[in-house]
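Shown next, in structure tokens, is the structure this report addresses.
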2 protein chains.
Amino acid sequence: MNSDDTQERPTERVGQVVEQVGHVVEHAGHAVGQTVEGIGAYIRSQRELADVSLRQLARTAGVSNPYLSQIERGLRKPSAEILQQIAKGLRISAEALYVRAGILDERPASVVTDAVLADPTLTERQKQVLLDIYSTFRRENDQSVVPGTPDKE
Amino acid sequence: MNSDDTQERPTERVGQVVEQVGHVVEHAGHAVGQTVEGIGAYIRSQRELADVSLRQLARTAGVSNPYLSQIERGLRKPSAEILQQIAKGLRISAEALYVRAGILDERPASVVTDAVLADPTLTERQKQVLLDIYSTFRRENDQSVVPGTPDKE
DNA sequence: CGCGAGTGCTAGCAGTTGCAAGCGCTCTGC
DNA sequence: GCAGAGCGCTTGCAACTGCTAGCACTCGCG
């Protein structure tokens, strides 16, 4: 019995460790895959929102259209420079793409509120107006799950 | 006398033109070199400020030391991910390195603009709307020239 | 002196990035 | 029907990125 228990325990432990390692790897792969596929899907969604073909965006961004296609499908991982060019073509900020690509950390939600409140060039009334609009926008986004909002986090 | 003056004038002019061209080329090279060599030189200067050897930084950053050496000497251009790792090893913000590498623009004068652009809970359209209103408010405040009197608006 | 530890760099290589050439498809006009 | 324009994608390739193995050098110690 004791020798049976002794032999089963190491096996169980090994199995659990392997399971946990597998889980971590799977989890890490999921996170990595999410970041890579996320930026491509986001670029495509922004492009479709702008009602622009892949070739048109490739041209205005100064990127080859096959490469842009590969990026959108998650087959390639673009450099920051390419993301910058794509952002220019989409007329959005490069920072937005960097955040989704995991290059740049996202800002906590309160940063906007804090920044507005601390801005010395605004009157108190203007601050309230801006923050009201900001709150409204975010409420809308929570309810409607807009495609441009990554909800997978 | 007159013939001496005539011969000295053209020579002086040619020399000045050559000098100006050389100055422009030198200036352009300096600007380009500044971005590429700038990030490497900056990393080296930060490393020396921290009194850390190249190998120590490479280890804490999780980067190979030959590659870090090449980066510092401007022979290679690191990706944003590598810059992120180096920033971690140097205990400085990745953004500081991104700015010097030309990946990220310098902070806008307004913290509000920065925060809004980086906010992932807003769509790109909403960001533009908010920033347009923000710009309008600030323009109004500039015209009325009453920065210290918020209640008059 | 020799040795070990540490230094920064060279050279070659595997994998990745971004491109050009080209494909098959759809739609429109003649 | 055909030709042309546009669409998104496949494939192969050159250049680049980041690494490993190893080198020459300096310094301190016995």
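Just so you know, these numbers use all the heavy atoms, side chains as well, and skip hydrogens, waters and symmetry mates.
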Whole Å only: how far is the [atom1] atom of [X] from the [atom2] atom of [N]?
{"X": "B/Arg73", "N": "D/dG18", "atom1": "CZ", "atom2": "C1'", "value": "14 Å"}
{"X": "A/Gln85", "N": "C/dG18", "atom1": "CD", "atom2": "P", "value": "9 Å"}
{"X": "B/Gln70", "N": "D/dA21", "atom1": "CD", "atom2": "C1'", "value": "14 Å"}
{"X": "A/Ile43", "N": "C/dG18", "atom1": "CD1", "atom2": "P", "value": "11 Å"}

**Q.** Student check: side-chain heavy atoms of A/Gln70 and A/Lys77 closer than 4.5 Å
**A.** no
Q: Answer with yes or no whether A/Asn65 presents, from its side chain, a donor or acceptor under 3.5 Å of a partner atom in the base of D/dC9.
A: yes
Q. Base, sugar-phosphate, or nothing: which does B/Ser53 touch, judged by heavy atoms less than 4.0 Å apart?
A. sugar-phosphate
Q. Using a cut-off of 4.0 Å on non-hydrogen atoms, how would the nucleic acid contact of B/Ser64 be classed: base, sugar-phosphate, or nothing?
A. base
Q) Any side-chain N or O of B/Ser79 under 4.0 Å from OP1/OP2 of D/dT17? A) no
(Q) So, does B/Arg47 get its side chain near the phosphate of C/dG8, meaning an N or O under 4.0 Å from OP1 or OP2? (A) yes
Q) Of all the nucleotides listed (D/dG12, D/dG18, D/dC9), which has the minimum atom distance to the side chain of A/Arg76? A) D/dG12
Q.
Could you report the tightest heavy-atom contact between B/Leu122 and B/Lys127, atom names first, then the distance?
A. O-CE, 3.7 Å
Q.
side-chain hydrogen bond (donor to acceptor under 3.5 Å, both in side chains) for B/Ser69 and B/Arg73? Distances and angles first, verdict last.
A. CA-CA 6 Å; B/Ser69 172; B/Arg73 288 173 290 133; 2.9 Å; yes
Q: Give a yes or no answer on whether the side chain of A/Glu95 reaches the backbone of B/Leu117 with a donor-acceptor pair at less than 3.5 Å.
A: no
(Q) Run the side-chain contact (heavy atoms from CB on, under 4.5 Å) test on A/Leu97 and A/Leu104 for me, step by step, so that the C-alpha distance in whole Å, both residues' side-chain angles and the decisive distance to 0.1 Å come before the verdict. (A) CA-CA 9 Å; A/Leu97 293 187; A/Leu104 198 58; over 6 Å; no
(Q) Counting only heavy atoms and a strict 4.0 angstrom limit, can you tell me which residues of residues 55-62 of chain A come near DNA chain D? (A) A/Arg55, A/Gln56
Q | Stepwise side-chain contact (heavy atoms from CB on, under 4.5 Å) test for B/Leu130 and A/Phe137 | A | CA-CA 9 Å; B/Leu130 272 174; A/Phe137 282 163; 4.0 Å; yes
